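In this text the structure is predicted, and so the values were computed from the model without any measurement. Throughout, a chain's letter reflects where its sequence line sits, starting with A, and its residues are numbered from 1.
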2 protein chains.
Amino acid sequence: MARTVLDRSDAVRALAGVFRKRGFEGASLSVIQQEAGVGRGSLYHFFPEGKTGMAAAVLEQVSDWFEERIFTPLRTAHDATEAIEAMSREVAQYFISGERVCLFAAMTLGEERDTFADSVRAYFTDWVDALAVALRTGGLSPQEAADRALDAVAAIQGGLILARAYGDDAAFLGIVARTEQHLLGPAR
Amino acid sequence: MARTVLDRSDAVRALAGVFRKRGFEGASLSVIQQEAGVGRGSLYHFFPEGKTGMAAAVLEQVSDWFEERIFTPLRTAHDATEAIEAMSREVAQYFISGERVCLFAAMTLGEERDTFADSVRAYFTDWVDALAVALRTGGLSPQEAADRALDAVAAIQGGLILARAYGDDAAFLGIVARTEQHLLGPAR
DNA sequence: GTCTATAAAGCGATAGAC
DNA sequence: GTCTATCGCTTTATAGAC
């Protein structure tokens, strides 16, 4: 009988995959046990708050990833164009290799909506605000930067829905590419 | 004891509200019974296929609504500008008065993804294609029309996610307005 | 067409051995 | 830190009276 000893971050990584694939309510403890290869005992040892704690840990890990790879680079960029191109690249790769699911967006539907409402709002405002900072660095007015940032995040999120609906990434990649062009386009 | 006799379309309407508010898996039979005011007996009388049949009926009703109010007008428009303005108006009103949820988009997440994959794909391709027809009528090239149509549907869907995340409609309405401007903008 | 009672299965969570 | 057995509850679905 195989018996593997994990640490918490291994468990979080495995959980993220299951939640993305099955959704929060679709990922039952039995399913998690099988697909993530983490037993009930370990799960409740690492996450005493139960399934809600598991979701919170996964969301926090996603949030940290975006903060490090997307938001901070956007906020601190000297070259706005380069930072925005990097965002497109990173985001496309991240979502395509992650079942085309944004877990924060998924949390705006379903039962645990209220539980995670604050962190969901923070994720999206952080993204939009960081992108707006980069656009202002690139010479756009505050209003134009805020509008384009909001539109871009919406386009990416909507693109993910279409990617799942169509069962392929072509439409999503086209949307990301044109969104980048729109972000980098001349001020009006 | 109040006892109300309904027909099937009354039940479908009531179900749609519950599914939008609680999600498919969040809407348990007990919840549906209470919030929709339709008893278990009636539910299984109208929908012998059970909960899956209830969801299918709701999706079909939504699909019919879009076909009549959005897709057909776009396809048959003589004045493309007018048809696109009408789409913006109708769509904004529809989603704001419907918990900011697109049930077809919701079906791209969760357990019953596969069950409704075909009708979900059809909904989005019908929308994108109908919008592209209107844009070609308005003088755009087929490629430009297809791209703008796809971007617009993605923007609206992403806008709904942001509306739910922010808990208000301002961002969504801004996105819809700017999407309309982009659709009506000059050919490049 | 609607009601209530109930069956069978699955759920999240816990206890206690190892 | 991991395991298994089990509790108590809810789930979808059905049966049968009205």
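A straight line from CD of B/Q33 to C1' of C/dA5 spans 12 Å, rounded to a whole angstrom. D/dT11 atom C1' lies 14 Å from atom CD of B/Q34, rounded to whole Å. The separation between A/Y44 atom OH and C/dG16 atom P is 17 Å, rounded to whole Å. Between the CD1 atom of A/I32 and the C1' atom of C/dA13 there is a distance of 13 Å, rounded to whole Å. Atom CG in B/L43 sits roughly 10 Å away from atom P in C/dC3 (whole-Å rounding). Look at CG on A/L29: it is 16 Å from P on D/dT11, rounded to the nearest Å.
Side-chain proximity of B/F46 to C/dA13, C/dT2, D/dA13: nearest is C/dT2. Candidate nucleotides D/dT2, C/dT4, C/dG1 were compared by shortest atom distance to the side chain of B/H45, and C/dG1 ranks first. Relative to the side chain of B/S42, the nucleotides D/dT4, D/dT14, C/dT2 differ in distance, and C/dT2 lies closest.
A/T52 and A/E112 share no side-chain donor-acceptor pair at under 3.5 Å.
Taking the charged nitrogens against the carboxylate oxygens, B/R148 and B/D151 have no contact shorter than 4.0 Å, which rules out a salt bridge.
Close to C/dC11, at under 4.0 Å from its OP1 or OP2, lies a side-chain N or O of A/S30.
In this structure, B/V133 is not a member of the same hydrophobic cluster as B/F66, with clusters built from ILVMFWY side-chain heavy atoms closer than 4.5 Å.
In this structure, A/F24 and A/F19 have tilted ring planes: the angle between them lies in the 30° to 60° band.
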